[in-house]
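Following: one structure in structure tokens, then a few remarks.
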Amino acid sequence: MKTISENACFGGTQGVYTHTSTSCACDMTFGLFLPREAKDGPVPILWYLSGLTCTHENAMVKAGAQVWAAEHGIALIFPDTSPRGEDVADDEGYDLGQGAGFYVDATQEPWKANFQMWSYITEELPALIAEKFSIDMDRQSITGHSMGGHGALTMAMGLPERFRSVSAFAPICNPTSADWGRKQLSAYLGDDEAAWAKHDATLMMAKVGFDGPILIDTGTTDQFVDLLKPEALSAAIATKRQQATVRLQPGYDHSYFFVSTFMEDHIAFHADALYAD
């Protein structure tokens, strides 16, 4: 692991690091904010998964999350959204290939050699940060935006007892029934739609739900709302009688202006779960 940068930030440290990933067979970059409390012992961690076209940097510099994480003594990790490099497969479209990993382990050519984002986020990167940083891995929560909200919800439901809470900003809720989903899932996982189900938050909610609190925000003027399908996930939550808070925020769109507006709420929500005994 190499340190790209470390900057003082709200009493803690915002770092950017790179390492050679065995899962993705390329160098991967991530951002990690450590609050001042990490100097005295392990701190809880909140994972933030970003959306289409993003890198580790978007949320790190635009979401305004560090100030609230510092207030609660929580670490924040900002992974990249896909493998990258000249030898990594890509596509001309913005919504497939580099920048659009969809947090799945690809089984199809040409993607399977590098696009192992589920394993990277859930296995390799947690092991690395547990080894290198002062993190309490028994206290983890997860959030994300858009494609990252899809990843956060499916990982929370697909890994029982890993995360104490999950939230999402404008998540892709039902990708097996949307253009933001069917294209990518078929490319990465093939035509057998049974293999797609564990990567669809609506289907996972109906099947297993989540043993913990959920918070979801979506803007009423989100320009991509027909692709996000929040109504499908809301219906599944109601049918499952899942503990959840689902909010439609009047006048907000899909941008980081929306994300930063409600970031304080989301981090306080996760802090309640991370510090509950």
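In this chain, numbering begins with 1 at the start of the sequence shown. All figures in this text were calculated on a predicted structure; none of them were measured in a lab.
In this structure, the side chain of N58 engages the main chain of T55 through a donor-acceptor pair within 3.5 Å. The main-chain N or O of A276 is found under 3.5 Å from a side-chain atom of R164 such that the two form a donor-acceptor pair. Side-chain atoms of S255 come within 3.5 Å of backbone atoms of F257 as a donor-acceptor pair (strictly under, hydrogens ignored). In this structure, the side chain of D200 engages the main chain of T176 through a donor-acceptor pair within 3.5 Å. Proximity of a side-chain donor or acceptor of T18 to a complementary backbone N or O of M28 within less than 3.5 Å is detected. A donor-acceptor pair under 3.5 Å is absent between the side-chain atoms of T13 and the main chain of G15, judged by distance alone. Using modelled atom types, one side-chain atom of E124 and one backbone atom of T22 make a donor-acceptor pair closer than 3.5 Å. At distances below 3.5 Å, at least one donor-acceptor pair connects side-chain atoms of Q66 with backbone N or O atoms of M60. Using modelled atom types, no side-chain atom of Q184 and backbone atom of G97 make a donor-acceptor pair closer than 3.5 Å. Between the side chain of S167 and the main chain of T143, no donor-acceptor pair closer than 3.5 Å is present.
Atom CE in M204 sits 12.0 Å away from atom CG in L233 (nearest 0.5 Å). A distance of 10.5 Å separates OG in S134 from CD in E37, rounded to the nearest 0.5 Å. Rounding to the nearest 0.5 angstrom, the gap separating the CH2 atom in W47 from the OG1 atom in T122 is 8.5 Å. Note: H145 NE2 to S50 OG = 9.0 Å, rounded to the nearest 0.5 Å. Distance check, rounded to the nearest 0.5 Å: CG of L274 to CG of D138 gives 11.5 Å. To the nearest 0.5 Å, atom OG1 of residue T261 and atom CG of residue D217 are 10.0 Å apart.
For the pair M263 and F169, the minimum side-chain heavy-atom distance is below 4.5 Å. Side-chain contact check for D95 versus K183: some heavy-atom pair is nearer than 4.5 Å. By the 4.5 Å heavy-atom criterion applied to side chains, F269 and S165 are counted as neighbours. Counting only heavy atoms from C-beta outward, the side chains of I77 and I129 approach each other to under 4.5 Å. Counting only heavy atoms from C-beta outward, the side chains of Q249 and T220 never approach each other to under 4.5 Å. Side-chain contact between S234 and V246 is present, with heavy atoms from C-beta onward closer than 4.5 Å. Considering only heavy atoms from C-beta on, P175 stays 4.5 Å or farther from K229 through its side chain. Residues R247 and I216 are not in side-chain contact: their nearest non-hydrogen atoms beyond the backbone lie 4.5 Å or more apart.
Residue pairs meeting the ring pair (Phe, Tyr, Trp, His ring centres under 6.0 Å) criterion with at least one member in residues 202-230, sequence neighbours excluded: W180-F224, F224-H254.
Side-chain polar atoms of Q223 and D253 form no donor-acceptor pair below 3.5 angstrom. Defined by atom type and a distance below 3.5 Å, a donor-acceptor pair is missing between the side-chain atoms of H199 and T154. Between the side chains of D105 and S119, a donor-acceptor pair is found at a separation under 3.5 Å. Neither side chain, E6 nor Q14, offers a donor N or O lying under 3.5 Å from an acceptor on the other.
Residues A89 and P110 come closest through the heavy atom pair CB-O, 3.6 Å. Shortest non-hydrogen contact noted between F163 and A156 is CD1-CA, 3.8 Å. Between H270 and S141, the shortest heavy-atom distance links the atoms ND1-CB, 3.4 Å. The nearest pair of heavy atoms linking I267 to A65 is CD1-O, 3.3 Å. Closest non-hydrogen pair, A244 versus I237, comes out as CB-CG2, 3.8 Å. The nearest pair of heavy atoms linking V166 to A152 is CG2-O, 3.6 Å.
Around atom CG of D27, more than 12 heavy atoms belonging to other residues, nucleotides or ligands sit under 6.0 Å away. Around atom CZ of R36, no more than 12 heavy atoms belonging to other residues, nucleotides or ligands sit under 6.0 Å away. In D211, the CG atom is not crowded: 12 or fewer heavy atoms of neighbouring residues, nucleotides or ligands sit closer than 6.0 Å.
Applying side-chain contact (heavy atoms from CB on, under 4.5 Å) to I142 and the options L159, L153, L49 leaves one that passes, L49.
Considering only residues two or more places apart in sequence or on other chains, R139 meets the side-chain hydrogen bond (donor to acceptor under 3.5 Å, both in side chains) condition with D136, D277.
Using a 4.0 Å cut-off between a side-chain N of Lys or Arg and a carboxylate O of Asp or Glu, E193 and R182 qualify as a salt bridge. Salt-bridge annotation for R84 and D80: present, with a side-chain N of the basic residue lying under 4.0 Å from a carboxylate O of the acidic one.
Under the 6.0 Å cut-off for aromatic ring centres, F102 and H150 qualify, their centroids lying closer than that. Within the 6.0 Å centre-distance limit, the rings of Y188 and W111 are counted as a close aromatic pair. In this structure, W68 has its ring center no closer than 6.0 Å to that of H266. Ring-centre distance between Y120 and H19: below the 6.0 Å cut-off.
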Would K132 and M1 satisfy side chain to side chain contact (heavy atoms under 4.5 Å, CB included), going step by step from the backbone distance to the final call? CA-CA 9 Å; K132 299 292 186 180; M1 190 185 76; 4.1 Å; yes
Quick one, M155 with I121, criterion side chain to side chain contact (heavy atoms under 4.5 Å, CB included). Give me CA distance, side-chain angles, the key distance, then yes/no. CA-CA 9 Å; M155 287 179 180; I121 297 294; 3.6 Å; yes
Would S82 and F115 count as a side chain to side chain contact (heavy atoms under 4.5 Å, CB included) if you check the C-alpha gap in whole Å, the side-chain angles of each, and the deciding distance to 0.1 Å? CA-CA 7 Å; S82 79; F115 282 71; 4.1 Å; yes
Would T29 and V16 satisfy side chain to side chain contact (heavy atoms under 4.5 Å, CB included), going step by step from the backbone distance to the final call? CA-CA 7 Å; T29 302; V16 177; 3.7 Å; yes
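In this structure, V43 is not a member of the same hydrophobic cluster as F10, with clusters built from ILVMFWY side-chain heavy atoms closer than 4.5 Å. Residues Y103 and L185 fall within the same hydrophobic cluster, defined by Ile, Leu, Val, Met, Phe, Trp and Tyr side chains chained together at heavy-atom separations under 4.5 Å. Hydrophobic clustering places W196 together with I172 (ILVMFWY residues linked when any side-chain heavy atoms are closer than 4.5 Å, directly or through intermediates). Put simply, F258 and L215 are part of two different groups of oily side chains (I, L, V, M, F, W, Y) that touch within less than 4.5 Å, one to the next. There is a path of hydrophobic side-chain contacts, each under 4.5 Å, that joins L128 to Y17.
Between Y256 and Y48, the ring planes are tilted. Angles from 30° to 60° get that label. Using cut-offs of 30° and 60° for the angle between ring planes, the F30 and F133 rings count as perpendicular.
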